[in-house]
S.K.: 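Have a look at this one before I ask anything.
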Amino acid sequence: MLTKKWTLSPNRCFDPEPIQRRLAHQFFESISALPLVCPHGHVDPALLADPTARFGSPTELFLIPDHYIFRMLYSRGIPLQALGIPTSDGSPVETDYRKIWQLFAEHFYLFRGTPSGLWLKDELTNVFGVDEPLNARNAGYIYDYLTEQLALPAFSPRALFKRFNIEVLCTTDAASDRLEKHQSLHAEGFTQIKPTFRPDAVVNPDTPGWRENLTKLESIAGREINTYAIFIQTLEERRAFFKKMGATATDHSAATPYTTRLSHQEAETIFTRALTNKLNPGDAERFTGHMFLEMARMSVEDGLVMQMHCGIMRNHNPDIFERFGSDKGADIPLKIEWTKNLRPLLQAYGNNQHFHLILFGLDESTYSRELAPLAGHYPAVLLGPPWWFHDSVNGMERYFNLVMETAGLYNTAGFNDDTRAFVSIPARHAVWRRVACNWIAGLVTRGLVEEEDGYEMARALAYDLAKTAYKLNEMEE
Amino acid sequence: MLTKKWTLSPNRCFDPEPIQRRLAHQFFESISALPLVCPHGHVDPALLADPTARFGSPTELFLIPDHYIFRMLYSRGIPLQALGIPTSDGSPVETDYRKIWQLFAEHFYLFRGTPSGLWLKDELTNVFGVDEPLNARNAGYIYDYLTEQLALPAFSPRALFKRFNIEVLCTTDAASDRLEKHQSLHAEGFTQIKPTFRPDAVVNPDTPGWRENLTKLESIAGREINTYAIFIQTLEERRAFFKKMGATATDHSAATPYTTRLSHQEAETIFTRALTNKLNPGDAERFTGHMFLEMARMSVEDGLVMQMHCGIMRNHNPDIFERFGSDKGADIPLKIEWTKNLRPLLQAYGNNQHFHLILFGLDESTYSRELAPLAGHYPAVLLGPPWWFHDSVNGMERYFNLVMETAGLYNTAGFNDDTRAFVSIPARHAVWRRVACNWIAGLVTRGLVEEEDGYEMARALAYDLAKTAYKLNEMEE
Amino acid sequence: MLTKKWTLSPNRCFDPEPIQRRLAHQFFESISALPLVCPHGHVDPALLADPTARFGSPTELFLIPDHYIFRMLYSRGIPLQALGIPTSDGSPVETDYRKIWQLFAEHFYLFRGTPSGLWLKDELTNVFGVDEPLNARNAGYIYDYLTEQLALPAFSPRALFKRFNIEVLCTTDAASDRLEKHQSLHAEGFTQIKPTFRPDAVVNPDTPGWRENLTKLESIAGREINTYAIFIQTLEERRAFFKKMGATATDHSAATPYTTRLSHQEAETIFTRALTNKLNPGDAERFTGHMFLEMARMSVEDGLVMQMHCGIMRNHNPDIFERFGSDKGADIPLKIEWTKNLRPLLQAYGNNQHFHLILFGLDESTYSRELAPLAGHYPAVLLGPPWWFHDSVNGMERYFNLVMETAGLYNTAGFNDDTRAFVSIPARHAVWRRVACNWIAGLVTRGLVEEEDGYEMARALAYDLAKTAYKLNEMEE
């Protein structure tokens, strides 16, 4: 029925005006062969640690682990259990993956104009060679085709890792993680897969399961963590272990970037109340705000890059949380404030040029108002790329237009894909690189940047800035 | 003096780049003949109920009822009384409509680049055949010409209703309205003119005149409303009546989308205090927030679509309010917060896919941060089109760029003109359809959407989404 | 080594699409010869008062006084003392200006895509005839070349003032300023250099050094200011003096646009507490909010235009403030609220069309939400051009797109360069004029504005609006 082959436009993300488009192509060609630098993401290292690992069925690869995808289907009235999303209590959900795929295909039109739609098309066509748009009629055929492909050695995670030309891939790992997968990968020579220290689960005392998480940390540390001082010492030791395992960065998330300096006494008191489950109102926020400062202090001491991801209300939908758990597409952004909130931390450590503090937020109104001015002044501050919902063509264009004039290109941290969907990595980097090249082409055609400088800017955005920001050159093993 | 005829550009709202412009034309041609769906607006049903109704003079048609127009003149120093705006106390104002029109024409340049300017040009040229730009010299001539036209049967409201190709027109009506005009229209077969249940005047206890409004409700309900339980029962009965009269939706407005669940006891207590004019600080906000939840409950039960219009401070200018009353162009938007405020309502009813909750706000910083993520997750949530000040070319472009990537096209509610200026309806829909087609054309030329999908997206935005969102198919009489 | 001459593109800031670009050129040609109107800025009048004044070395001209420039270098780790920025305590800093220039040149790439980069290129090429991009290799050569140029009479401040075709230049001066430089300029016939009354230092009691500032005011007023009534009377007298000296405007800045009306009693009480250094929490904010109202009252009485610049946290970085003082690139914007905060002031004076209140903010989310609706209603309110960080190509484009549809062009105040960098004035006006013409060209090519109207709009934005807003015609001496 289809007469036109489904292909990615070579012009995608580029302005249609011929001069700008031509320039965008030139810049893109100059950087498209550069390897991918992935300094922040959520790929499971187990996927790469086992040479025999496979992705499973198309449904298990594309849909079930990706809340970007199933939240859109859910928003149009399709129950999560019909999509095979596992329940917290193990009650049964749909397990016929072919049937789920059919449902997905019938609703593929929902992704028109979305970043997920763009990535899916790139993955299906470029990675797997599908040449028809997915729809209700060809769903079964494409499912079978993908199943065949996925069984081939060429589509193992390791084979794709090589094919994707990934130079470095940083995972995100709990403070209590033993990093066994990383150890085994490093033993095999895969030192380009690095852990990132993410201690939120034990640092923010209002995290669901904080006490259990602390118990895990006690277990790995081999000691009881019954005072604030021991808590701090244990975190320092864990950071040292992560650094030894190749980590160059830490990552921290909270609803707000509120930072504050508590006295040792007050920190100890709140920590004790947390241990006995007797937190007062405000305790958790104050302790989390204080721990941002402590984490910055440790970064100044051990050199690990510090990332802050702020401004999201997790699990906005209690019904979904109770039945399916976290990370089910029900996290909703909050407006946030950086100028006042971050001041105590910056006052203490912001003037240290060897400290790298990379900021991420979902409140775009802060781009030009707060984030760019902060990055354009403090030696420590760098701006991370557009995060989560804004990792999209328009999200990136807004970021370039709102951030760069004030922060300056060289106070930004390049791109990171931040994804758990391993197969989408090249698609995401391609969008960033294309939008970046188109943005630079726009500056050149408008007489705002020299063409020769444009090539350097393109390379910086595609490759250099990420490596520098995350100290991936400095700490090369 | 004028040598060039005043005409609307066939390219208006379209990008000048030839490929995108050609595509925009193609999409627009494919949908331009579709009838207009007007699911939310403020047209007076009396205008259509009386077959002999006329619009009056050009000044009475274009200027006096339209606060978009006279607020701009007022902002440049022209007193409202000089424009014939009636005073609250009946003190005299200018009544020489030809003189007012002259004043309007002398200041017509103020509307350059504004949506009102664009609509006025469309109305004057397309609806009335004026072919010179209105100015001080030709004001009288054009006034006389328009006066002649307006006297013709072809320019009666009913004739224009037909000429405008309006498929359905929903009005906005108080909870206490007897809907007599709708009854008489339906008796004549005009079932496509439907009421909308708007109970703010009796629901928000801080509305000026709340007690008098409640008395009107008592009168129509034929009972004393002296308890909260009777209040709720009466609202339920009124909704049933509106539904019987063809309504498919309700509408609710408040300064903030704060929602909360009161106990029956607390609701009763605040209602009693409101009855005795003894509200405590915070009572009105809490009661209004609770009533949002009650209205959502009723919508879940009776199937009426629920609209929320939030984030405006009414009557910002007390001097104008005292002398001329409400809706005089002196309402100023407020920043608002949806993520936390709407959570109690969504927790209760957001997972119900048969419940349609359509959200409207004036704080564009919430588009990508809060509204699109909410719509992209909750089955109940749909986003209304850009409201009020943002019902403009740029306002729509921002909406498309900020909302669609995250919410997805199919979680939006198409267009509604929200106007009391009946003659401006086709102009407003034309702007929406043109900007939508240009946006889609931009996606196609940038390789982000398939051309064939673009036609379906254009039709959805121009026609289908509004009908589905407002259940205008489901409840067809 | 360089084969291509470094020149400004004649197309800079213009859209590449040929029709829009051609129109933009036409509009720009029609206004490019108009003189520059500079109604708000921070040029030191001493520079022009002394006919023998010179700018000093290239480093003293371009870098040391300009926090836009050195904050970018600082953000990348270059200490301010290495850039020759004077310390508060007089401790030594780098004084080898040629060496500092070398450092600047090595980091000139940091300004790619920034407004500073665009202005610097315009200044170096257009004003000084440099024809190679500044870099590490040619730094010394260009330094010597500029040094030669700067010694020539043609590059004296007065010569450049003439060459720049500046019609009027308003400075910003403390309430206690004797305006001796203005007096001497006026005596020589330079009446186009006018003072602006900026009383923040004595009006906001939380200003660092408020008591010392008041003492200066006492000294110039020749009386002790020991009551609120005398304070007010003194301010009124100083305004009268400024007006006599040609001032047409005042300027006021605060972290927030909070306004409130205090009773005389309360104002007196807080003023007394300020005198005795015993302010209570909230006193300073309330007094500042009250003084906004008082300043508006005085403007209604004496006709001086009132400017409000709101929404910046001064001296965010205490370390820099202690070592180098204020205005060192460490001021960070804050989110602000206008709708509620400005209401008391507008309630009192907003309906007075002879009162001009020009608003400036750094929170762009308020453009379409609050500022444009306020300007589009209140006769007194005009919107100032994009301020500070947003005085850039993208900042202006956002301003045009977010403000004009709702406020209307004629409720805006044209452009002002707001600069202390005298030599950058033509570059800044050129960017504004070009972006404005490109914006109008976009409206015309999209069929939204008539071409003939475009010429009037261009002239208004380039010249007329600034003169009218600042009453520079009315009060012409």
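Here is the naming used below: chain letters follow the sequence lines, and residue numbers restart at 1 for every chain.
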S.K.: So what's closer than 4.5 Å to chain B heavy atoms on A:Arg434: side chain, backbone, both or neither?
M.R.: neither
S.K.: I'd like to check A:His316 versus B:His377 (side-chain heavy atoms, cut-off strictly below 4.5 Å). Are they in contact?
M.R.: no
S.K.: Below 4.5 Å, heavy atoms only, C-beta onward: do A:Gln20 and B:Glu17 meet side chain to side chain?
M.R.: no
S.K.: For the atom pair CD1 (A:Ile332) and NZ (B:Lys340), what is the distance rounded to the nearest 0.5 Å?
M.R.: 13.5 Å
S.K.: Measuring heavy-atom distances to chain B, does A:Tyr109 have an atom under 4.5 Å in its side chain, in its backbone, in both, or in neither?
M.R.: both
S.K.: Report yes if some heavy atom in the side chain of B:Arg446 is under 4.5 Å from a heavy atom in the side chain of A:Pro16; otherwise report no.
M.R.: yes
S.K.: Is B:Gln353 close to chain A through its backbone or its side chain, or both, or neither, when contacts mean heavy atoms under 4.5 Å?
M.R.: side chain
S.K.: What's the spacing between A:Asp319 CG and B:Tyr378 OH if we round to 0.5 Å?
M.R.: 9.0 Å
S.K.: Chain A heavy atoms under 4.5 Å from B:Leu23: which part of the residue, side chain, backbone, both or neither?
M.R.: neither
S.K.: Looking at B:Leu346, B:Leu409, B:Leu402, which makes the most heavy-atom pairs under 4.5 Å with chain A?
M.R.: B:Leu402
S.K.: For a 4.5 angstrom cut-off between non-hydrogen side-chain atoms, does A:Leu334 reach B:Glu337?
M.R.: yes
S.K.: Name, in order of residue number, those residues of residues 382-400 of chain B that have a heavy atom at a distance of less than 4.5 Å from a heavy atom in chain A; otherwise write 'none'.
M.R.: B:Leu382
S.K.: Under a 4.5 Å heavy-atom cut-off, does chain B meet the side chain of A:Leu8, its backbone, both or neither?
M.R.: neither
S.K.: Nearest 0.5 Å, what's the CZ-CG distance between A:Phe111 and B:Asp453?
M.R.: 13.5 Å
S.K.: State, to 0.1 Å, how close A:Ser9 and B:Gly447 come at their nearest heavy-atom pair, and which atoms those are.
M.R.: CB-CA, 3.8 Å
S.K.: For chain A, which of B:Gln347, B:Lys335, B:Met404 has the most heavy-atom pairs under 4.5 Å?
M.R.: B:Gln347
S.K.: With a 4.5 angstrom heavy-atom cut-off, could you sort out which part of A:Tyr74 is near chain B: side chain, backbone, both or neither?
M.R.: both
S.K.: Rounded to the nearest 0.5 Å, what separates atom OG1 in B:Thr406 from atom OH in A:Tyr68?
M.R.: 9.5 Å
S.K.: Please classify the contact of B:Ala372 with chain A as side chain, backbone, both or neither, using a heavy-atom distance under 4.5 Å.
M.R.: neither
S.K.: In terms of heavy-atom pairs under 4.5 Å, which option from B:Thr366, B:Val449, B:Leu448 contacts chain A the most?
M.R.: B:Leu448
S.K.: Could you have a look at B:Ile19, B:Leu374, B:Asn352 and say which one has the most heavy-atom pairs with chain A under 4.5 angstrom?
M.R.: B:Leu374
S.K.: Check whether any side-chain heavy atom of A:Met72 lies under 4.5 Å from a side-chain heavy atom of B:Asn411, and answer yes or no.
M.R.: yes
S.K.: Could you check whether any side-chain N or O of A:Arg71 sits under 3.5 Å from a backbone N or O of B:Gly376, counting only pairs where one atom can act as donor and the other as acceptor?
M.R.: yes
S.K.: Taking side chain as everything from C-beta outward and backbone as N, CA, C, O, which of these in B:Ala407 sits under 4.5 Å from a heavy atom of chain A? Side chain, backbone, both or neither.
M.R.: backbone
S.K.: Quick one, A:Ser365 and B:Arg369 - any side-chain contact, counting heavy atoms below 4.5 Å?
M.R.: yes
S.K.: Do the side chains of A:Pro318 and B:Arg343 get nearer than 4.5 Å, heavy atoms only?
M.R.: yes
S.K.: Considering only heavy atoms, which portion of A:Met313 lies under 4.5 Å from any heavy atom of chain B: side chain, backbone, both, or neither?
M.R.: side chain
S.K.: Quick one: what part of A:Leu118 sits under 4.5 Å from any heavy atom of chain B, side chain, backbone, both or neither?
M.R.: side chain
